[in-house]
> 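Starting off with a structure, shown below.
To find a chain, count down the sequence lines: A is the first, B the second, and so on, and within it residues start at 1. Because the structure is predicted, anything quoted here is derived from the model rather than measured.
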Protein chains: 2
Amino acid sequence: MKALPTDPAAVTIYDVAARAGVGIATVSRALRGSAPVSDATRAKVLAAVAELGFRPSHAGTSLAARTHAANGIVFPDLSGPYYAEVLLGYEETASRLGRSVLVLATHGRDDPESSVRDLARRVDGLVLLGRTVPDHVIEELTAFGLPVVVVARPEVGAADSIRADGLSAARALGEHLAGHGFRRIAFLGSPEESPDVAERWRGVREGLGKHGIEPTVTPCLFDEASGTRVAAALLAGPERPDALVCANDEIALGAIVAAEEVGLRVGVDVAITGWDDVMAARHARPALTTVRQPMRTLGALAAEVLDQRITGHRTTPRHESLATDLVVRDSCGTHP
Amino acid sequence: MKALPTDPAAVTIYDVAARAGVGIATVSRALRGSAPVSDATRAKVLAAVAELGFRPSHAGTSLAARTHAANGIVFPDLSGPYYAEVLLGYEETASRLGRSVLVLATHGRDDPESSVRDLARRVDGLVLLGRTVPDHVIEELTAFGLPVVVVARPEVGAADSIRADGLSAARALGEHLAGHGFRRIAFLGSPEESPDVAERWRGVREGLGKHGIEPTVTPCLFDEASGTRVAAALLAGPERPDALVCANDEIALGAIVAAEEVGLRVGVDVAITGWDDVMAARHARPALTTVRQPMRTLGALAAEVLDQRITGHRTTPRHESLATDLVVRDSCGTHP
DNA sequence: ATGAAAGCGCTAACAA
DNA sequence: TTGTTAGCGCTTTCAT
């Protein structure tokens, strides 16, 4: 069946050229502004484009111009409020810069490396969040000239990097707890599994160290159920901690549940803190003391930094660290 | 500069063919399985592919095969936990089906229609969430043969549709409140602005109607600040409502704040309910009575339904409605 | 300023 | 079973 002439997908640059009575090269020039075109000709071309409802084929453009007009972003996982905010900032800025956004979540995927490599073939640049692929893959990608920005992950190869500075907030949190008289501090999280957590753990330890306190660390996954389980074990143990410093808000919210179950008053009998300031942190009772990260800005900045590389406006690596804020609420209320 | 032979982006099907000592068509056949190839030849080709690190150019494939191997998804907005979950389910299923995912957020965009039309040129199918573009755009898109699935939006044109059935849950909610003795019910939300809200409003009214109760409705935006503001006005008014039925959880959480500010006990002096069951609903105190939607399933189903159309496995429209669950918690606790 | 024509990397007839 | 070749729709020299 022949496509209807009104089907925009069937209108090619040849149709426009014929209609305007010019060559296809002129249509291309008039549309992209890549070379001078007389005003009269341009007007004819634009008229034809409008009449025919012409929109350039993306594949054709991409093949000829060797560009994709698209950015990728790779998440370890898409659940939770954290990543949605990053994506929001990223998409907003990327599309303002004229680039489409392809998303990929590696979580639960059989072969993340291959997926990322495939994605790399259809974008002009890539943003990688956290621990999504091994370093050598990133080095490979950048070595072949693909612009890559890593977010919330240590610098690697020639890739740009953007992170939230958790160290100072973690130190402040440690000092705050020590200043309020908490002494037996337990950190819930797995520093060896994530550089982010490692940084938080280090900062908290340093902050407490100034007051001569040595916290303990207990491995914990990044979810509520794990938080409840680990906290319950800790609170039932021999040396009951008087403060639980959790690697993120989900763990902390789970810990609150555990504390309530054994009849402890959060903020009075035991302090509990989180990290991220998700919506639930504000609405929990007692409200959760936590650390706010500029997630949307993180995403937006990633899009900007990537664009500079893609357009060639910058060739030297850029490494940014954004400030975070300690948000003190009731869950770490004064010690009895 | 000549690209290094090790740069995978520079390896074409010609290089592979030369290396394997076969024609490019044979390489294509061996890789796609589109036609029989002898085992010996296939082995040679695969060896060459591995040695050269060949990966087909997406643009080339796309242009020649007239396919994109990509799906689009258009959100009104990406903030809030709701959309992240839908996207998660969508991405997971789409990529399992071998399709990349392009995201577009129309919120705060100057020209959503044009953005969606552009997106439509680089995907094989599109999922549209809620009120992102006018009906006529969808009709146009489907008329030209582009598979479209609308989610959380009334059926339109030839597009498939997927929704969560809010009506029965809303009725149940209305009956539940009436059964617990609440009489002066205020609905917070704007039915005329969203079909979803209209459905919830209708269901609540029907549920209450069975008990001879006529609720009021007050327009309200979908965010916490608006919820607080509108609820504060309502609670300070002459005929103070004894139950606030909110169009979503954000509004409800904002309303809880307003109630606390004027010294009302939520769940005792005033019932408050939400919609969506976001994480914060569970952790709020009192915990929020709300309605849970299968958001992840919504996204996954959208990907599946879309794929059926794209692959041509189905040509007749499909309209799905997923069940929702009323989740009763303490915020609507028994009336005094 | 403009047109003709040569690719971009791939798929799919068409031959052999 | 395989190779040859003609496009797919566009950008970009190269002439004019």
> Checking side-chain contact (heavy atoms from CB on, under 4.5 Å) for the pair A:R153/A:D135: CA distance, chi angles, key distance, verdict?
CA-CA 10 Å; A:R153 170 180 188 130; A:D135 279 4; 2.6 Å; yes

> Using only modelled atom types and a 3.5 angstrom limit, is any donor from either the side chain of B:Y14 or the base of C:dC10 paired with an acceptor on the other?
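Present.
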
> Taking OP1 and OP2 of C:dG9, is either one under 4.0 Å from a side-chain nitrogen or oxygen of B:R55?
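Checking B:R55 against C:dG9: no side-chain N or O falls below 4.0 Å of OP1 or OP2.
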
> Could you work out, with side chain to side chain contact (heavy atoms under 4.5 Å, CB included) as the rule, every residue matching A:P56, not counting sequence neighbours?
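Scan of A:P56 (side chain to side chain contact (heavy atoms under 4.5 Å, CB included), adjacent residues dropped) gives A:F54, A:T61.
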
> Could you give the CD1-to-P distance, from A:I13 to C:dG7, as a whole number of Å?
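Distance check: A:I13 CD1 to C:dG7 P gives 19 Å.
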
> Compile the donor-acceptor pairs under 3.5 Å between side chains in residues 19-36 of chain B and protein atoms, sequence neighbours left out, one pair per line.
from	atom 1	to	atom 2	distance (Å)
B:R19	NE	B:E51	OE1	2.7
B:R19	NH2	B:E51	OE1	2.3

> Will you find, in the side chains of A:R109 and B:S95, an N or O donor that is under 3.5 Å from an N or O acceptor?
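Yes - a donor-acceptor pair under 3.5 Å links their side chains.
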
> Could you give the CG-to-C1' distance, from A:L63 to C:dC8, as a whole number of Å?
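Result: 4 Å.
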
> Return the value, rounded to whole Å, for the distance between atom CG of B:D39 and atom C1' of D:dT2.
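For the pair B:D39 CG and D:dT2 C1', the rounded distance is 15 Å.
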
> Given atom CG of B:L31 and atom P of C:dG9, what is their separation to the nearest angstrom?
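From B:L31 CG to C:dG9 P: 16 Å.
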
> At under 4.0 Å between heavy atoms, what does A:G23 touch on the DNA or RNA strands: base, sugar-phosphate, or nothing?
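Counting heavy atoms under 4.0 Å across all strands, the contact made by A:G23 is with sugar-phosphate only.
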
> I'd like to check the salt bridge (Lys or Arg N to Asp or Glu O under 4.0 Å) partners of B:E320; sequence neighbours left out, ordered by chain and number.
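Only B:R318 meet the salt bridge (Lys or Arg N to Asp or Glu O under 4.0 Å) criterion with B:E320.
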
> Run the side chain to side chain contact (heavy atoms under 4.5 Å, CB included) test against B:H319 and tell me which residues pass, sequence neighbours left out.
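Result, side chain to side chain contact (heavy atoms under 4.5 Å, CB included) vs B:H319: B:E155, B:S161, B:P317.
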
> I need the CZ-P distance between A:R66 and C:dC10, as an integer number of Å.
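These atoms are roughly 11 Å apart.
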
> Expressed in angstrom and rounded to an integer, what is the separation of B:H58 atom NE2 from C:dT11 atom P?
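Result: 12 Å.
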
> Could you check B:S38 against A:P56 and say which one's nearest nucleotide on DNA chain D is further toward the 5' end?
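Per heavy-atom nearest nucleotide, the more 5' residue is B:S38.
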
> Can you pull every protein N or O that's under 3.5 Å from an N or O on nucleotides 12-16 of chain D?
from	atom 1	to	atom 2	distance (Å)
D:dT12	OP2	A:R32	NH1	3.1
D:dT13	O4	A:R29	NH2	3.3

> How long is the line joining CZ of B:F54 and C1' of C:dG9, in whole Å?
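Result: 8 Å.
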
> Would you mind reading off the bend of the helix from C:dA1-D:dT16 to C:dA16-D:dT1 from its two end axes, five pairs each, to 10 degrees?
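Roughly 40° between the end axes, to the nearest 10°.
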
> Look at all strands and tell whether B:S62 reaches a base, only sugar-phosphate, or nothing, counting heavy atoms closer than 4.0 Å.
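No contact at all - B:S62 keeps every heavy atom at 4.0 Å or more from the nucleic acid.
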
